[in-house]
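Okay, so here's the structure we're looking at.
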Amino acid sequence: MVARGKAEVPAVAPASAGQAVSTKSMSERYAELRSRRVSMIDLLVTLVLLMVAAPFVHQVQYGQLIEAVLLTLVLLSAVAVVGASRRMLLLATVLAAPAVVGSWINHVRPDWLPPEIYLTSSLLFVAFVVVNLLRFTLRAPRVNVEVLCAAISNYLMIGLLWMFAYLLAARLVPDAFSFTVGPASDRLLDGFNALYFSFVTLSTVGYGDIVPLSRVVRMLSILEATTGMFYVTVLVARLVALYSTEGSQQGASDTKKR
């Protein structure tokens, strides 16, 4: 018999194991990425250096060497950023090694290795980095400098991703691009022209000085423009939601203290 005067306390159903594991795993992944040796700021700085130096390196002596060094710094910084755990570091290294080694072989002895191999490996590695940076940004519990730098870096990495795609398409598809202006010596889809066309397409500016002709390149241009538009839209919505939630929690905490 149950003694009178003692109210029965209803049992509270514990949180599901799947939900606890999911929350814990998200927190652990976020903590792992934050514990890396190279910060998102370092990756952003190397990307900005590459973008700023790209138009001028070919005008100076050893310009191609400087470009190769800057690109290597970007790739190695990306490896350090996404390789927080041992498994991710190993996977990132395996994907980045052919891209880094191939870029230097293409610089020193272009006849040793077809450019298509180096471009394909670079394309795969940058796509891997883009996916991981996007997961880091969307799963971040709060907005801070690391998250903002990761979001900006990922936007620049998306431009690099399509740059390698355009360079590969130009190698595989004859007459894939047409240049409407400029001297004949500059009407070649080299590294800077591919970078320029990629970001012009990503930002949906479209000056018309470089025109995609093949169906493959036109489809790539459509995908890049759509990706850039949706990335900015979803990213702004996510960051605003995180900031609003953090502000509401801070306001509720201040109210309780009072």
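Worth knowing before you read on, the calculation uses all heavy atoms, side chains too, and leaves out hydrogens, waters and symmetry mates. Along the sequence shown, residues carry numbers from 1.
Clustering ILVMFWY residues whenever any of their side-chain heavy atoms sit less than 4.5 angstrom apart, transitively, puts L76 in a cluster other than the one holding V101. Cluster membership for L49 and I158, using ILVMFWY side-chain heavy atoms within less than 4.5 angstrom, is shared. Connection of F179 to Y207 is established within a shared hydrophobic cluster, with ILVMFWY side chains joined at heavy-atom distances below 4.5 Å, either directly or through further cluster members. Under the 4.5 Å side-chain contact rule for hydrophobic residues, L213 and V181 do not share a cluster. A continuous path of Ile, Leu, Val, Met, Phe, Trp and Tyr side chains, each step under 4.5 Å between heavy atoms, connects V48 with V81, placing both in one hydrophobic cluster.
Scanning both residues, R218 and P212, for their nearest heavy atoms gives NE-O, 3.1 Å. Scanning both residues, C149 and L44, for their nearest heavy atoms gives SG-CD2, 4.0 Å. Annotation for V147 and A140: closest pair CG2-CB, 3.6 Å, computed over non-hydrogen atoms. Across all non-hydrogen atoms, the minimal contact from N106 to P115 is OD1-CG, 4.1 Å. Closest approach of L223 to T227, counting heavy atoms only: O-OG1, 2.7 Å. Across T137 and A151, no two heavy atoms sit closer than the pair OG1-N, 4.0 Å.
In this structure, the side chains of Y155 and V232 come closer than 4.5 Å at one or more pairs of heavy atoms. In this structure, Y231 and L202 have side chains that are not in contact, with every pair of non-hydrogen atoms separated by 4.5 Å or more. Under the 4.5 Å side-chain criterion, counting only non-hydrogen atoms from C-beta, L148 is in contact with L239. Taking the side chain as every heavy atom from C-beta outward, L160 and M51 approach each other to under 4.5 Å.
The structure places CG of L189 at 12.0 Å from OH of Y196, a figure rounded to the nearest 0.5 Å. Considering CH2 of W162 and CG of L123, their distance stands at 9.0 Å, rounded to 0.5 Å.
F197 meets the ring pair (Phe, Tyr, Trp, His ring centres under 6.0 Å) test with Y166, F177; sequence neighbours excluded.
Within 6.0 Å of CE on M219 lie no more than 12 heavy atoms contributed by other residues, nucleotides or ligands. Atom CD of E116 has more than 12 neighbouring heavy atoms from other residues, nucleotides or ligands inside a 6.0 Å radius.
Counting only distance, with no hydrogens or angles, the side chain of Y118 and the backbone of W104 share no donor-acceptor pair below 3.5 Å. Here the side chain of D42 pairs a donor or acceptor atom with the backbone of S39 at under 3.5 angstrom. Side-chain N or O atoms of S198 include none that pairs as donor or acceptor with a backbone N or O of A194 at under 3.5 Å. Between the side chain of R238 and the backbone N or O of L138 there is at least one donor-acceptor pair closer than 3.5 Å.
Tested against L71, the residues T46, L50, V100 include a single side-chain contact (heavy atoms from CB on, under 4.5 Å) partner, L50.
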